[in-house]
Every structure is written in C-alpha cells, then in structure tokens.
Amino acid sequence: KNQVEQSPQSLIILEGKNCTLQCNYTVSPFSNLRWYKQDTGRGPVSLTIMTFSENTKSNGRYTATLDADTKQSSLHITASQLSDSASYICVVSSIWTNFGNEKLTFGTGTRLTIIP
Amino acid sequence: DGGITQSPKYLFRKEGQNVTLSCEQNLNHDAMYWYRQDPGQGLRLIYYSQIVNDFQKGDIAEGYSVSREKKESFPLTVTSAQKNPTAFYLCASSIGRENGEAFFGQGTRLTVV
C-alpha cells in the first residue's frame with residue numbers, strides 16, 4: 001500500500017531559527033515528490049517538485065532534499081518567519097497507467113508554528 | 001488573473017440534503033480533482049477527471065457525484081448517501097501529465113447541521 005509518513009507531527013520554533021521536516025514514503029512506481037505549504041483554512045500551495053534524478057531543490061528560504069534510494073525527503077526552512085506558520089505537506093506522485101495518468105499520495109502534514 | 005476558484009467558502013447542509021460545491025479553473029488544464037481533508041489525515045481523492053465528459057472514482061467516491069461537461073468546471077455534489085460529509089473539500093487542477101504541477105483552490109468547508 002502506498003504511504004507517505006511525515007515527522008514530526010507538529011513543531012514549534014522561535015522566529016529566526018532553522019528547522020527540518022521529514023518525509024518517508026513507500027510509493028511505487030515513483031514519479032516525483034512535492035512539498036506543499038497550507039495555511040489554515042486555505043488550499044495547499046506548491047513549494048518544490050523533485051523528480052527521481054534531483055537531490056536538492058531550493059525555493060527562497062525553503063530547501064528540499066530527496067534520497068530516492070532510502071525513499072526519504074526533507075524540507076529545510078532557513079531563518080524562519082512568522083508567516084512560515086502553516087502545515088507542510090509531502091506528496092508523492094506515481095504514474096499508474098500507460099497514458100501517464102498521475103496518482104498523488106499525501107502525507108498528513110507537519111504543523112509548524114513560529115513564535116516571536 | 002488565472003487560477004482555480006472554489007465556491008462557496010463555507011457551506012451548511014441539513015441532514016438528508018444534497019449540496020453542490022463549485023470548482024472553476026481558467027488555467028486550460030485537462031485534469032481536475034476533488035479531495036477531502038479531515039483533521040489528522042492526508043488528503044483523500046474523491047473523484048478525478050482527465051478530460052471533458054470523463055471522470056473516474058477515487059478512493060472515497062461513495063456518497064459523492066461529479067460532472068465534467070466543460071473543461072473549466074468540475075462541480076462536486078455531496079449526496080444524502082454520504083454518511084459523514086462534514087469536512088474541508090479541496091479542488092485541484094493540473095495539465096494531467098507526468099510532473100505537471102497541481103494547483104489547488106482555496107477550499108470549501110462543509111458542515112452538516
């Protein structure tokens with residue numbers, strides 16, 4: 001069964017500090033891995049998308065890594081800001097038909113709170 | 001400006017009533033999706049559509065129905081057969097092919113009263 005597990009479930013850090021969120025997956029066949037940011041009561045917004053051959057990808061203060069061998073990914077946030085308070089969702093994509101139809105498996109997210 | 005729009009943002013339903021959630025996109029995307037989000041759970045796929053006039057059941061389709069008469073629109077009806085409809089519903093669209101980014105709407109929170 002395809003699964004995406006994220007840790008920690010929740011995290012509280014001081015403004016200006018760095019943090020790292022983890023994602024382990026057992027999705028097959030693997031197509032790509034995405035990180036989304038979801039503010040409370042809003043839709044998720046894409047941060048990064050990485051394919052099998054990519055080890056790291058940055059988007060401003062967000063840096064995602066991917067180890068396809070161990071099936072692990074991390075999202076590192078540098079110099080956190082109050083606006084970073086949100087849920088961060090790891091999503092793994094697999095291609096499941098010959099037409100390239102894509103199936104997304106979502107993690108339950110990490111709830112990040114930045115305090116002043 | 002381009003994007004994906006869901007309406008309404010909040011919706012209240014009496015038990016036994018059907019309600020329809022709207023999802024419209026002007027991104028010219030072929031694929032559209034409906035997800036349900038419950039506290040402590042990942043998003044679960046209800047229905048998806050790869051092209052106009054075609055749609056497929058997702059993992060939790062029971063009690064829901066959809067239509068895809070136009071490329072831009074993918075409304076979701078929550079029927080009285082859905083036993084636990086209170087949730088946050090998210091619509092998404094993508095080009096429908098490998099590595100195509102999925103864009104999400106702002107969501108509709110449905111509450112049964």
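Chain letters run A, B, ... following the sequence lines, proteins first and then strands; every chain starts at 1.
- For Ile115(A), the CD1 atom is densely surrounded, since the number of other residues' heavy atoms within 6.0 Å is greater than 12.
- Interface remark: Leu43(B) contributes backbone and side-chain atoms alike to the contact with chain A (heavy atom separation under 4.5 Å).
- When heavy atoms are compared at a cutoff of 4.5 Å, Phe103(B) does not approach chain A at all.
- Few gaps surround NZ on Lys9(B); more than 12 heavy atoms of other groups in view lie less than 6.0 Å from it.
- Hydrophobic clustering places Val92(A) together with Phe52(A) (ILVMFWY residues linked when any side-chain heavy atoms are closer than 4.5 Å, directly or through intermediates).
- Residue Val19(B) is grouped with residue Ile60(B) when hydrophobic side chains (ILVMFWY) are merged at heavy-atom distances under 4.5 angstrom, including chains of intermediate members.
- For Gln9(A), no part lies near chain B; criterion is any non-hydrogen pair under 4.5 Å.
- Both Leu11(A) and Val4(A) are part of a single hydrophobic cluster, where members link through side-chain heavy atoms under 4.5 Å apart.
- Between Leu104(A) and Ala102(B), the closest heavy-atom pair is CD1-CB, 4.4 Å.
- Neither the backbone nor the side chain of Ala92(B) comes within contact range of chain A; no heavy atoms are under 4.5 Å apart.
- Interface residue Gln106(B): backbone and side-chain heavy atoms are both found under 4.5 Å from chain A.
- Counting all heavy atoms, side chain and backbone alike, Phe88(B) lies closest to Arg42(A) at CE2-O, 3.7 Å.
- One distance of note links OG1 of Thr105(A) with CG of Leu45(B); it measures 9.5 Å at 0.5 Å rounding.
- Of all non-hydrogen atoms in Gly43(A) and Leu90(B), the two that sit nearest each other are CA-CD2, 3.6 Å.
- Leu47(A) and Leu82(A) fall within a single hydrophobic cluster, where Ile, Leu, Val, Met, Phe, Trp and Tyr are joined by side-chain heavy atoms under 4.5 Å apart, directly or via other members.
- A continuous path of ILVMFWY side-chain contacts below 4.5 Å connects Leu14(A) to Ile12(A), so both sit in one hydrophobic cluster.
- Only the side chain of Gln37(B) has a heavy atom closer than 4.5 Å to any heavy atom of chain A.
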